[in-house]
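Not measured: the values here are computed from a predicted model.
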Amino acid sequence: MGGRPQLPGSDSDNEIGCTFTYLIFDPALSSHFQLVEFVSDDCICVLEVHAYSSETRLWRDGDWTPGHGISFFAGAAFVNGMLHLSATSFVRCQADQELIVAVDGEGKKCRIMHGPEKHADVAFVGQSQGRLHFMNQHSDNAELSIWVLEDYDAREWVLKHSVAFLQLFGRMSCRVHSDYSVIAIHPDRNLIFFLQHWGLELKSYDMDSQEVCTLCTVGAGRQNIVPYVPYFAESPALASKH
């Protein structure tokens with residue numbers, strides 16, 4: 001996340017809502033990166049979208065058509081050259097359908113895909129081992145389901161793993177965002193990181209060994225926990241920029 005840039009003609013006295021900024025960068029393909037920034041008044045509705053290119057060093061307005069909000073606290077994934085976010089439809093008949101929106105580096109909606117299930121609460125969208133992952137829980141609030149998009153073009157979701165909240169947190173049921181939050185999924189391993197809201201404990205869960213570890217007690221809530229982002233200074237793609 002980051003602050004909103006001052007665009008030409010903007011009025012700093014009329015700032016509204018909050019901003020969410022995402023990096024689009026693959027050092028294996030290019031040394032240039034893009035930023036996509038969403039402006040929202042309620043952390044769901046998208047009011048404005050702005051995009052920045054390190055190649056042109058310019059901000060521009062994105063092309064965002066109405067109809068979908070974003071679940072900004074449910075993670076994000078950079079897969080197939082696009083940013084993927086959990087989306088909410090404002091169409092009544094689609095309100096109970098899990099959706100994912102794919103956004104390109106110019107802030108344009110390029111693809112809307114269905115999540116793996118209906119009538120479930122989205123917990124997290126992330127990328128691991130090069131594939132899009134989606135986590136949700138059902139109305140009984142008894143377990144977390146982890147899905148992987150095995151075939152991106154065919155939109156084929158496969159249930160990768162399920163784990164009971166009793167095993168994760170010692171409670172029969174939990175509600176996402178009020179009792180716990182998914183912080184991150186490991187980019188190369190079947191490992192998930194959670195914040196348990198009561199006691200503010202940071203936990204990990206290994207899907208292979210089914211081991212739960214309490215890593216530490218944090219001194220602040222979920223909004224102050226940011227996953228580590230590797231520093232690309234030693235990337236061969238950036239060598240010429242040094």
Side-chain angles (χ1 to χ4, degrees), residues 1-4 17-25 35-44 69-79 83-86 88 100 120-129 132-138 140-148 160-233:
M1 297 180 187
R4 180 185 177 189
C18 49
T19 62
F20 299 85
T21 306
Y22 300 87
L23 172 68
I24 293 181
F25 179 45
L35 298 175
V36 178
E37 180 191 71
F38 298 87
V39 180
S40 173
D41 61 349
D42 60 359
C43 297
I44 295 177
I70 301 295
S71 302
F72 289 108
F73 295 110
F78 179 56
V79 179
L83 178 70
H84 294 74
L85 300 148
S86 173
T88 299
I100 294 176
D121 293 328
V122 179
F124 192 76
V125 175
Q127 182 274 135
S128 181
Q129 300 160 77
L132 186 64
H133 283 63
F134 191 94
M135 304 180 204
N136 63 9
Q137 66 176 65
H138 289 277
D140 58 9
N141 301 322
E143 67 178 16
L144 183 74
S145 297
I146 299 98
W147 301 79
V148 60
K160 182 174 184 175
H161 192 81
S162 292
V163 58
F165 290 128
L166 183 61
Q167 180 178 353
L168 283 177
F169 306 118
R171 291 187 176 182
M172 291 294 294
S173 66
C174 290
R175 294 188 63 84
V176 65
H177 305 313
S178 59
D179 294 322
Y180 77 96
S181 296
V182 181
I183 301 300
I185 183 170
H186 196 286
D188 303 310
R189 296 174 53 194
N190 294 324
L191 190 66
I192 309 170
F193 298 90
F194 302 87
L195 176 66
Q196 178 181 293
H197 289 186
W198 69 92
L200 293 178
E201 291 182 342
L202 186 64
K203 293 176 175 282
S204 68
Y205 174 71
D206 191 314
M207 287 180 268
D208 296 325
S209 66
Q210 300 185 29
E211 181 181 7
V212 180
C213 291
T214 299
L215 304 175
C216 65
T217 299
V218 298
R222 186 251 184 274
Q223 66 272 17
N224 293 316
I225 299 178
V226 180
Y228 168 73
V229 178
Y231 181 53
F232 295 108

A.B. asks: List in chain and number order the residues that pass side-chain contact (heavy atoms from CB on, under 4.5 Å) with Asp140, two or more places apart in sequence or in another chain; answer none if no residue qualifies.
C.D. replies: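 If we apply the side-chain contact (heavy atoms from CB on, under 4.5 Å) test to Asp140, skipping adjacent residues, the hits are His138, Ala142.
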
A.B. asks: Could you tell me which residues satisfy side-chain contact (heavy atoms from CB on, under 4.5 Å) with Glu201, sequence neighbours excluded, listed by chain and number?
C.D. replies: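 Once residues adjacent in sequence are excluded, the partners of Glu201 under the side-chain contact (heavy atoms from CB on, under 4.5 Å) criterion are Gln196, Lys203, Thr214, Thr217.
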
A.B. asks: Search all heavy atoms of Ala77 against all heavy atoms of Val125 and return the closest pair with its distance.
C.D. replies: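 Heavy atoms only, the tightest pair is CB-CG1, 4.1 Å.
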
A.B. asks: Using a 3.5 Å cut-off and no angle test, enumerate the donor-acceptor pairs between side-chain atoms of residues 165-173 and protein atoms at least two apart in sequence or in another chain.
C.D. replies:
| from | atom 1 | to | atom 2 | distance (Å) |
| --- | --- | --- | --- | --- |
| Gln167 | NE2 | Gln210 | O | 2.9 |

A.B. asks: Does the side chain of Phe38 come within less than 4.5 Å of Leu85's, by heavy atoms?
C.D. replies: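 Leu85 reaches Phe38 side chain to side chain.
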
A.B. asks: So do the side chains of Lys160 and Asn190 get within less than 4.5 Å of each other, counting heavy atoms only?
C.D. replies: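 Lys160 vs Asn190: side chains touch.
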
A.B. asks: Go through the structure and list residues passing salt bridge (charged side-chain N to carboxylate O under 4.0 Å, His left out) with Arg175, not counting sequence neighbours.
C.D. replies: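 Applying salt bridge (charged side-chain N to carboxylate O under 4.0 Å, His left out) to Arg175 gives none.
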
A.B. asks: Tell me the closest heavy-atom pair linking Ile24 and Phe78, and the distance in Å.
C.D. replies: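 Distance-wise, the nearest heavy atoms are CG2-CE1, 3.3 Å.
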
A.B. asks: Mind checking whether Gln129 and Val148 have side chains closer than 4.5 Å, heavy atoms only?
C.D. replies: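 With C-beta onward as the side chain, the pair stays apart.
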
A.B. asks: Indicate the atoms forming the closest heavy-atom contact of Val122 with Val176, along with that distance.
C.D. replies: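 Closest pair (atom of Val122, atom of Val176, distance): O-CG1, 4.0 Å.
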
A.B. asks: Are the side chain of Thr21 and the backbone N or O of Glu37 linked by a donor-acceptor pair below 3.5 Å?
C.D. replies: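 No; judged by distance alone, with no hydrogens or angles, the pair does not exist.
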
A.B. asks: Given Leu215 and Phe193, is the side-chain contact (heavy atoms from CB on, under 4.5 Å) satisfied, shown in steps?
C.D. replies: CA-CA 9 Å; Leu215 304 175; Phe193 298 90; 3.8 Å; yes

A.B. asks: What are the two closest heavy atoms between Asp179 and Trp198, and how far apart are they?
C.D. replies: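 Taking Asp179 first and Trp198 second, the nearest heavy atoms are O-CZ3, 3.5 Å.
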
A.B. asks: Measure across Ile185 and Met207 and return the closest heavy-atom pair with its distance rounded to 0.1 Å.
C.D. replies: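 Smallest interatomic distance, heavy atoms only, reads CD1-CE, 4.4 Å.
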
A.B. asks: Using the rule given for side-chain contact (heavy atoms from CB on, under 4.5 Å), can you reason through Val212 versus Val163, listing the C-alpha separation, both sets of side-chain angles and the distance that settles it, and then say yes or no?
C.D. replies: CA-CA 11 Å; Val212 180; Val163 58; 5.9 Å; no

A.B. asks: Going by heavy atoms in the side chains, are Ile70 and Phe20 under 4.5 Å from each other?
C.D. replies: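 Side-chain contact under 4.5 Å: no.
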
A.B. asks: What are the two closest non-hydrogen atoms of Asp206 and Asp208, and how far apart are they?
C.D. replies: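 Residues Asp206 and Asp208, closest heavy atoms: OD1-N, 2.8 Å.
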
A.B. asks: Out of curiosity, Phe73 CZ to Ser181 OG, how far, rounded to the nearest 0.5 Å?
C.D. replies: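 It is 9.5 Å, given to the nearest 0.5 Å.
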
A.B. asks: Only counting residues at least two apart or in another chain, list the ones meeting ring-ring contact (aromatic ring centres under 6.0 Å, His included) with Tyr205.
C.D. replies: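 Tyr205 satisfies ring-ring contact (aromatic ring centres under 6.0 Å, His included) with His161 only.
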
A.B. asks: Whether the His197 and Ser178 side chains hold a donor-acceptor pair (N or O, under 3.5 Å, no angle test) is what I'd like checked.
C.D. replies: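 Checked: His197/Ser178 side chains show no N/O donor-acceptor pair below 3.5 Å.
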
A.B. asks: Excluding sequence neighbours, so at least two apart, what forms ring-ring contact (aromatic ring centres under 6.0 Å, His included) with His133?
C.D. replies: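 Listed in chain order: nothing, the list is empty.
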
